[in-house]
Amino acid sequence: MPELQEGRVGLLLSSVYVGDEQTVYLLFYDPQENSLVTWRDRTNHKPYCYTKMEYKGIAEAICNEDKKLSLQLTTKRDLINDQIIEVVKIVAPDPLSIGGTDSSVRERVRSWEADIKYHENYLYDSGLIPGSYYKRNGESIVNEDYGISGTVKEALKHLTLNNNSSNNSSENGNRYGHISSNGYQDHVISWANLLNQPVPELKRVALDIEVESEEGQMPTPREHERRIIAVGLVGTDDFKKILVLGKRNSAEVEKVNMAEAELCLTEKELIEKTFEVISFYPIVLTYNGDDFDLPYLYARSQDPRIDPISHSAIPKEQVPILVKRDSFVKRGTLAEPVHLRNAIHLDLFRTFQNRSIQIYAFGNKYSEYTLNAISQALLGEGKLDLDLDISELPTQKLAEYCLKDADLTFRLTSFGNNLLMKLLIVIARIARSSLDDVSRFGVNQWIRGMLYYEHRKNNLLIPRREELGAKGSSSTIAIIKEKKYRGGLVVEPKLGIHFNVIVVDFASLYPSIIKVYNLSYETVNCPHHDCENDAGQRIAGTTHWICKKNKGLTSQLIGSLRDLRVRYYKQLSKEISISLEERLLYGVVSQAIKVILNASYGVMGAEIFPLYCLPVADATAALGRTTTFSAIEKCKEIGIDVIYGDTDSLFLKGPSPTKVDEITRWARAKHGVDLEIDKTYRYVVFSELKKNYLGVLSDGTVDVKGLTGKKSHTPPFIRNAFSHMLDILSKVNSENDFESAREKIKSILQENAKNLVSRRIPVQDLSFNVMINKSPDKYGKKIAPSTVKSGSIDGTDIIGKDFHKGLPQHIKAARFLVAKGREIKAGGIISYVKTSTAEGVKPVELAKPEEIDTDKYLESMEVTFDQLLASLNFNFKSLVGQPRQSNLDELFWGGSV
DNA sequence: GCGGACTGCTTACCT
DNA sequence: ACAGGTAAGCAGTCCGCG
């Protein structure tokens, strides 16, 4: 790979540690050449970790024994104890000396910062941020300052001014103590400088391979016995190519009628051509390439059988895939960890599995992690349907199928103006993580990167887990047992139909609280007696207190990001005076920040997060409840009727604009948070249930929350009837309209019940569709101690002859399928119907119409529709008769209402 | 032996 | 593999009952 040339600019994408040279290489994207360039570290940076002075003797002993190691004394700020301390820095020539083997330094002395991957360490220490631009200046790398435009600077000045110059101290960005806000301003400016940089179109290619297989058997990289028969490649600039093995089933060369197709006579040729194509691309995309396509390609490239004439494999140095054979290979993984020599590999399967990406970036539009399901949901188009096994497909079909997969994979990154690529780049900036790591890591690691970077930048010692644990535990009792602390406040909804409802909510409530109350691991339960003994520093309803001397690191980072999103990027993404390209970028930035903000509170209460600190999470939730509760009280006081509320939202019944304005101003002044109008409902229907309601917005849009009729597992025929009912309700404008709506709903329900009982509804439409979260054999193994009787001690009996006993219904159905030889994997959807057979359920594909238990379905309809009908003053039974009565024939259609 | 109260498990959803 | 809170369906146990 070429090196970054003098004066040239590159977008930093990744850092890689090269073991042979004991050196880090940076990978840049050259936006002019659309290629990757590298930069070898010239600073002689070395792996290291720290220990404290009391362990200095041990550190010296280790160094005496292992001459490769050396010691340095230096100082760091220890935030846990709020003091500057002397520390011992242990420097090693290679990362494995610090951690990763049984004899590494971190196994022998109590170490700090020894768990950070070396390639991450390097970025933090160099102050280099992936996703941002750098220029080569002689033998060093310098920031390429894009600067921010004059108008943007003005807007930002405004934002920071609004925060600091208010005469009301409660608007000062923090509610405790007298702490300078300069740090906050600096953060805002540097975030904007970073995030406003443009994102170039990234040249990339998607790759998908097809392998011969026996029927029903999925090939695995471990047993790479089967030939690769097709490779699809789809890239930027409309590049499309499908390589097919030409003589698969006979000596005849097969024919493919596609402009993009190229027939290869041997598998070796096929693989070599694949390698040639990807060598032109800086970024390679796959769907599950980490565990399948790349390791499989590698394994076959090393197998002499790919060339039937010379029996020779492809020399390793010509293979662009590297296999890391190291101790990190987890047991049970199918493949060796793999990466590309000259490109960055993004495995979209892992990216789309990320819950934050799924929920916050793509609005929960997909719920299954197959390429087909995700493409259907996001592109409106799925994989090609196959009626044969891959191996049996005619060559033409195989080529079309494989190319389609590569095409979908590519388009998942290109739709919406390259939304996903831009999002990953912007998250890389915030998380200070390489693009490949961002695409594979969860949100906790993104936030970890952001905070670790900040520690290094300010010479702060990153605390060990147990130091954070010593700050105390939660002091509230959760409502759900097995949970660690109490969460959000949910207000009992007022039953019935309410017209003219305004929903207000606190903009980013938890991040606001983290900002306003100065919450951070070092400021909650800080070491100062002065703060601990100050009644004004205590958090109501908890045993925690907050520091008044120092501004918390997390508070500043999250606070500045929150303000930028709420008051700057959200507006800019709608600002028509700037270019469309800029507007779109600001929209992406706003989304990326939202992802980080939404998780920033949660990670504090998550054990996997390295800066896990329960008191912070506990305090945040407690202050959230206080804030919301206080707003409800205030509403009552000024005469606003609060009919419902959940965590950060309040449903107000017919408030005047003046009163809404009053409560908004009050929230800002009293709590320093933004209470905004979120929605205006023409009317809202509440049952007695929390998190369950229907609302019709001013424009007629129907909002349904939590109701069974909309849940994904509900049978399609109920969901369809439910959606018809919503259509009718959306046309209701006033109390009087309900009368005719009732009649229409009545006829829809009667129609459906009639079809059901006369078995005219296709079995397919009767299926419950439930996700299976574990492999089907992992259910039902736990037996309550009291049920263990002599003779059946462990759960294996249950999987014996009566393997359906005690299992959830979808698992019973899944086991029917397993018995039929179908492979059922965790994360898949099981479709089953309720039957009058012994087990009570059957997978849809095995059920006959006459086996359907129609009574059960009438019950399902009843409970589903009564969630709403009860509030509309009628119920299912009154329409459809008594489904549980014996003479079903005499049901409703006699006209009993 | 049967039914209701209760618990635990599982999934889907809300904020 | 960010949090807690709510709902629902099912399968099981416990307990009372002449």
Side-chain angles (χ1 to χ4, degrees), chain A residues 350 353-356 358-360 364 367 440-448 474 476-493 503 505-506 508-510 595-609 611-612 614 616-618 620-622 624-625 628 644-650 678 687-693 703-714 768-774 778-789 798 804-812 826-827 829-830 834 840-841 856 859-860 863-864 867:
Chain A
R350 308 194 51 172
Q353 269 194 319
N354 183 312
R355 297 276 292 164
S356 295
Q358 181 185 0
I359 297 169
Y360 299 114
N364 230 342
S367 49
R440 286 170 180 77
F441 286 175
V443 70
N444 85 81
Q445 291 171 90
W446 298 344
I447 295 176
R448 159 185 167 267
S474 65
T476 57
I477 309 284
I479 290 175
I480 309 170
K481 60 174 155 181
E482 328 262 84
K483 295 285 184 190
K484 293 166 289 191
Y485 60 93
R486 176 156 297 198
L489 185 74
V490 189
V491 180
E492 205 78 48
V503 181
D505 68 1
F506 297 106
S508 308
L509 178 63
Y510 289 159
V595 169
I596 300 291
L597 291 181
N598 279 329
S600 62
Y601 140 79
V603 294
M604 296 298 169
E607 285 97 333
I608 19 99
F609 184 56
L611 297 173
Y612 169 61
L614 257 190
V616 176
D618 193 21
T620 310
R625 290 190 299 274
T628 301
Y644 179 59
D646 187 347
T647 312
D648 61 355
S649 68
L650 297 176
D678 181 29
S687 62
E688 73 282 11
L689 299 175
K690 294 168 172 178
K691 299 182 193 275
N692 264 266
Y693 61 87
D703 244 3
V704 177
K705 300 290 180 187
L707 299 177
T708 307
K710 221 192 74 173
K711 290 199 176 186
S712 60
H713 71 263
T714 302
F768 287 84
N769 305 288
V770 178
M771 183 175 285
I772 174 165
N773 288 329
K774 297 185 277 189
K778 294 211 169 67
Y779 287 83
K781 287 221 170 187
K782 253 189 260 167
I783 293 189
S786 56
T787 68
V788 178
K789 288 169 195 142
I798 283 181
H804 286 315
K805 210 169 176 247
L807 294 170
Q809 297 199 318
H810 64 297
I811 306 305
K812 285 184 191 169
I829 303 283
I830 306 295
K834 300 195 181 186
V841 288
K856 279 265 172 25
E859 272 176 52
S860 281
V863 293
T864 307
Q867 275 184 350

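Lettering of chains follows the sequences in order, A, B, ..., and the numbering in each one begins at 1.
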Problem - Note, A:V595 side chain near A:W446 side chain (heavy atom, < 4.5 Å) - result: yes
Between A:T708 and B:dA12, is there a contact of a side-chain N or O with OP1 or OP2 at under 4.0 Å?
no
note: A:Q353, atom CD; C:dA1, atom P; distance rounded to Å ~ 8 Å
To the nearest angstrom, the CD-P distance between A:Q358 and C:dC2 comes to 12 Å
Picking from B:dT10, C:dG5, B:dA12, the nucleotide nearest the side-chain atoms of A:A478 would be C:dG5
How is A:A617 classified with respect to the nucleic acid when contacts are heavy atoms under 4.0 Å: base, sugar-phosphate, or nothing?
nothing
> For A:Y485, which contact category applies under a 4.0 Å heavy-atom criterion: base, sugar-phosphate, or nothing?
Replying inline: sugar-phosphate
Nearest heavy-atom contact between A:G487 and A:A621 is CA-CB, 4.2 Å
Among B:dA12, C:dC2, C:dG4, the one nearest any side-chain atom of A:K483 is C:dG4
Here the distance between atom C1' of B:dC14 and atom CD of A:E492, to the nearest Å, is 15 Å
Reckon A:D505 touches a base, only the sugar-phosphate, or nothing at all at heavy-atom distances under 4.0 Å?
nothing
note: A:L489, atom CG; C:dG4, atom C1'; distance rounded to Å ~ 12 Å
Testing C:dC2, B:dA12, C:dA11 for proximity to the side chain of A:Q809, the answer is C:dA11
Categorize A:F441 for me: base, sugar-phosphate, or nothing, with a 4.0 angstrom heavy-atom threshold over every strand shown. nothing
A:I829 atom CD1 is separated from B:dT11 atom P, nearest whole Å, by 11 Å
Of the listed C:dT6, C:dC2, B:dA12, the closest approach to the A:I480 side chain comes from C:dT6
Ranking C:dC10, B:dC13, C:dT6 by distance to the side chain of A:V490, first place goes to C:dT6
* Verify the contact: side-chain N or O of A:Q445 to OP1 or OP2 of C:dC2, cut-off strictly under 4.0 Å; return yes or no. => no
>> Would A:F609 and A:V443 count as a side chain to side chain contact (heavy atoms under 4.5 Å, CB included) here? Give the steps.
In response: CA-CA 10 Å; A:F609 184 56; A:V443 70; over 6 Å; no
Practice item. In sequence, state the C-alpha distance, the side-chain angles, and the governing distance for A:D618 and A:T476, and then conclude on side-chain hydrogen bond (donor to acceptor under 3.5 Å, both in side chains). Key: CA-CA 7 Å; A:D618 193 21; A:T476 57; 2.7 Å; yes
- Establish, with yes or no, whether the OP1 or OP2 oxygen of B:dA12 is under 4.0 angstrom from a side-chain nitrogen or oxygen of A:K710. no
Open item on the list: Is there a side-chain contact between A:H810 and the phosphate of B:dT10, meaning an N or O under 4.0 Å from OP1 or OP2?
Closed with: no
Out of C:dT6, C:dC2, B:dT15, minimum distance to the side chain of A:V603 belongs to C:dC2
A:H713 atom NE2 is separated from B:dT10 atom P, nearest whole Å, by 16 Å
I want to check something: taking the side chain as every heavy atom from C-beta on, are A:Y510 and A:T647 in contact at a cut-off of under 4.5 Å?
yes
Counting the atoms with a prime plus P, OP1 and OP2 as sugar-phosphate, which does A:N354 contact under 4.0 Å by heavy atoms, base, sugar-phosphate, or nothing? nothing
Tell me what A:G487 touches on the nucleic acid: a base, only sugar-phosphate, or nothing, going by heavy atoms under 4.0 Å.
sugar-phosphate
In whole angstroms, the gap separating P of B:dC14 from CZ of A:R355 amounts to 12 Å
Correct closest heavy-atom pair for A:T708 and A:T714 would be O-OG1, 2.7 Å
Non-hydrogen side-chain atoms of A:N364 and A:Q358 separated by less than 4.5 Å:
yes
**Asked** Heavy atoms, side chains only, cut-off 4.5 Å: are A:Q809 and A:K834 in contact?
**Response** yes
Looking only at side-chain N and O atoms, does A:N692 come under 4.0 Å of OP1 or OP2 in C:dA7?
no
Could you tell me whether the phosphate oxygens of C:dC10, OP1 or OP2, come under 4.0 Å of any side-chain nitrogen or oxygen in A:Y779? no
Rounded to whole Å, the CH2-P distance (A:W446 to C:dA1) equals 11 Å
Closest of C:dG4, C:dC2, B:dC13 to the A:K484 side chain is C:dG4
* Asked: What does A:K705 touch in the nucleic acid at a heavy-atom separation under 4.0 angstrom: a base, only the sugar-phosphate, or nothing?
  -> sugar-phosphate
DNA chain B nearest-nucleotide lookup for A:E482 and A:G706: closer to the 5′ end is A:E482
Margin query: Is there a side-chain contact between A:K691 and the phosphate of B:dC14, meaning an N or O under 4.0 Å from OP1 or OP2?
Written below: no
N/O-N/O pairs, protein side and nucleotides 6-8 of chain B side, under 3.5 Å:
unit_1: B:dG8; atom_1: OP2; unit_2: A:K481; atom_2: NZ; d: 2.8

Does C:dC10 have OP1 or OP2 sitting under 4.0 Å from an N or O in the side chain of A:K834? yes
### Query
Would one find a side-chain N or O of A:Y693 under 4.0 angstrom from OP1 or OP2 of B:dT15?
yes
In terms of ring plane angle, is the pair A:H713 and A:F768 parallel, tilted or perpendicular, where the classes change at 30° and 60°?
parallel
- Under 4.0 Å: is that the gap between some side-chain N or O of A:N773 and OP1 or OP2 of B:dT10? no
Handout entry: Sugar-phosphate only, base, or nothing, as touched by A:K774 at under 4.0 Å among non-hydrogen atoms
Key = sugar-phosphate
Salt bridge (Lys or Arg N to Asp or Glu O under 4.0 Å) filter on A:K691, not counting sequence neighbours, yields A:D646
message = Heavy atoms only, 4.0 Å cut-off, all strands: where does A:L689 land among base, sugar-phosphate and nothing?
response = sugar-phosphate
